[in-house]
Participant: 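The structure that follows is given in the form of structure tokens.
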Amino acid sequence: PARRLLDAREPAAAAAALERMIASPDFAALSPAARTRALALAGAARLELGQWHAASVWLKRASLTPAATSKEWRYRLKVDEGAEIYPIKAGEDDVPEAELSRDAALTLATLAWKWPAAAGALDDALVEPVLASDAELPRPLRLDVLRALFLAHWKRRGRFEPDRAWRDLARLLIEDGRLDEAAAVVARIEDPYVLIGMRADKRFDPVASVLTGQDVSEAALAQVLRLTRYAESGPRSLERWLFLTHELLAVREDRIVLQLTDDSVAPGSGPRYKDAGLRNWELDDRARALEGLGRWDEAVVVLERAQHLSEGGDVNVSQSINLASLLVSLGRPRRALAAVAGLAAMSPYGRMQVEEVRLEAALERGRRRDAARALDYLRAHASDAPRTYLDALVEAGRPAEAAARLIALLKDPDERTETLTELQHYDRGPLTRRDRRSLARWDALLARTDVRAEIAAVGRRLRYRLAPPD
């Protein structure tokens with residue numbers, strides 16, 4: 001009856017019936033499989049009602065029964081993730097985010113160890129939130145979940161390796177002296193920028209023989225080929241083509257990106273895609289290709305078009321910020337400020353980018369008070385975008401503070417690799433006059449004795465024929 005009530009879209013009645021049955025003395029007389037099924041259905045009913053924490057209670061009980069299968073653990077993982085995302089219903093207890101993250105990681109690790117085939121087929125939406133928060137997990141749990149996923153051969157949609165996760169796993173294994181395991185993990189990494197970061201970070205020197213055997217330029221071209229096949233296998237998926245154009249920008253194939261995003265080739269390209277809502281990002285890549293060719297005014301026009309498209313159904317924040325950043329680079333601070341003037345709701349990271357635009361525009365206009373106000377915000381919220389704050393200090397002409405900040409990032413175990421990745425020598429393409437001025441400030445910062453000593457202590461700077469990481 002409960003199953004029929006759920007199928008009839010009556011989850012409240014189903015939940016009440018199931019919970020009465022579970023509370024009955026006769027419940028213990030049911031077979032283990034029947035008890036597991038009843039608990040799982042109670043969780044499913046509460047899930048249908050949007051009561052994520054109540055659903056979690058029943059699904060945890062279901063997963064811990066002797067008859068539990070990978071299905072119950074998959075549902076438990078779904079609820080663990082949903083409890084972080086969705087608002088808590090009235091009458092339900094709040095649960096600290098850290099506790100939810102730990103429970104999701106434990107659930108995922110258990111699923112991967114006990115049912116590796118099921119874990120290997122998990123959707124990105126269930127795994128990515130755990131990977132995104134893995135730095136906040138206790139170290140043993142972090143290592144456990146990453147090893148379990150690696151051994152289960154989990155891959156992202158399109159069968160792409162989760163390269164940053166494998167980098168983090170390799171680092172943990174190296175710290176534990178498990179060098180053979182670490183080398184096997186490194187051998188699966190495909191992303192050229194992840195390889196660059198590992199080559200730059202001396203913590204990965206114990207597996208240097210594997211890293212040096214993976215030529216970065218060849219890795220980048222191999223990634224282009226993989227993404228080309230992926231895009232061609234789903235021609236109506238704009239998301240797939242965007243993966244490809246992003247990688248083409250990395251290898252400085254700007255003209256090919258222009259061909260792939262050319263309206264004259266496919267007028268009104270939106271309808272040819274089933275996910276045409278991503279059109280703003282197609283235009284964003286086109287603008288970046290134009291910038292890579294020094295066609296800055298054309299890039300401005302393209303970003304102005306993109307700015308007026310919605311972003312996920314909301315006001316377009318990303319392209320507004322990118323437009324403003326380009327306008328600042330071109331020495332047009334008033335237009336840059338106008339581009340971000342109407343933005344309100346945005347992520348903490350997005351707000352940091354807006355404040356950096358405001359800082360740079362104020363500096364261009366000689367508005368010292370406005371610049372100080374923007375820098376104060378960036379300083380107070382530096383943890384939302386650590387390297388954005390560093391860049392702001394460089395732009396504001398504060399070399400001593402910038403040096404201290406850069407050294408702190410290099411000393412931070414969780415920030416070091418990404419920071420070193422950005423400090424490598426890249427093919428920057430054409431530069432505006434303001435870009436050249438900014439680059440000169442960075443060169444002066446990196447030439448400081450204290451900065452050079454810290455870089456030498458923890459890493460190295462090498463030269464690559466790729467665009468700077470996006």
Participant: For residues 150-161, which residue pairs qualify under salt bridge (Lys or Arg N to Asp or Glu O under 4.0 Å), counting only residues two or more places apart or in two chains?
Facilitator: E128-R156, K155-E161, R157-E239, E161-R188

Participant: Can a salt bridge be assigned to the pair R288 and E291 using a cut-off of 4.0 Å between side-chain N and carboxylate O?
Facilitator: no

Participant: Should the pair E175-R203 be classified as a salt bridge under the 4.0 Å nitrogen-to-oxygen rule?
Facilitator: no

Participant: For residues Y389 and L375, report the shortest heavy-atom separation together with the two atoms involved.
Facilitator: CE1-CD1, 4.3 Å

Participant: Enumerate the residue pairs fulfilling ring pair (Phe, Tyr, Trp, His ring centres under 6.0 Å) with a member in residues 155-193, sequence neighbours excluded, ordered by first and then second residue.
Facilitator: F150-W166, F160-Y230

Participant: Taking side chain to side chain donor-acceptor pair (under 3.5 Å) as the test, write out the residues that go with R229, two or more places apart.
Facilitator: none

Participant: If I compare all heavy atoms of L238 with all of R279, which pair ends up nearest, and what's the gap?
Facilitator: CD2-N, 3.6 Å

Participant: Could you report the tightest heavy-atom contact between A336 and V328, atom names first, then the distance?
Facilitator: CB-CG2, 3.4 Å

Participant: How far apart are the closest heavy atoms of L303 and A287, and which atoms are they?
Facilitator: CG-CB, 3.5 Å

Participant: Under the rule for ring pair (Phe, Tyr, Trp, His ring centres under 6.0 Å), what residues qualify as partners of H153, not counting sequence neighbours?
Facilitator: none

Participant: Where is the tightest heavy-atom contact between L244 and A231, given as atom of each residue plus distance?
Facilitator: CD2-CB, 4.3 Å

Participant: Between the side chain of D275 and the main-chain N/O of S237, is any donor-acceptor distance below 3.5 Å?
Facilitator: no

Participant: Thinking salt bridges, do D376 and R373 make one under a 4.0 Å N-O criterion?
Facilitator: no

Participant: What's the shortest heavy-atom distance between R387 and L409, and which atoms?
Facilitator: CG-CD1, 4.0 Å

Participant: Salt bridge (Lys or Arg N to Asp or Glu O under 4.0 Å): which pairs involve residues 19-45, sequence neighbours left out?
Facilitator: E19-R46

Participant: Under a 4.0 Å N-O cut-off, is there an ion pair linking R351 with E355?
Facilitator: yes

Participant: Indicate yes or no: does R167 engage D191 in a salt bridge with an N to O separation below 4.0 Å.
Facilitator: no

Participant: Between the main-chain N or O of A125 and the side-chain N or O of D123, is there a donor-acceptor pair closer than 3.5 Å?
Facilitator: yes

Participant: If you measure from the Lys or Arg side-chain nitrogens to the Asp or Glu carboxylate oxygens, is any gap between K60 and D103 under 4.0 Å?
Facilitator: yes

Participant: Measure from the side-chain N and O atoms of R139 to the backbone N and O of L172, and report whether any donor-acceptor pair falls under 3.5 Å.
Facilitator: yes

Participant: Tell me if the CZ atom of F204 is crowded by more than 12 foreign heavy atoms within 6.0 Å.
Facilitator: yes

Participant: Around atom CZ of F27, are there more than 12 heavy atoms of other residues, nucleotides or ligands at under 6.0 Å?
Facilitator: yes

Participant: Going by an N to O cut-off under 4.0 Å, is there a salt bridge joining E72 and R76?
Facilitator: no

Participant: Looking at residues at least two apart in the chain, or sitting in another chain, which of them share a ring pair (Phe, Tyr, Trp, His ring centres under 6.0 Å) with Y464?
Facilitator: none

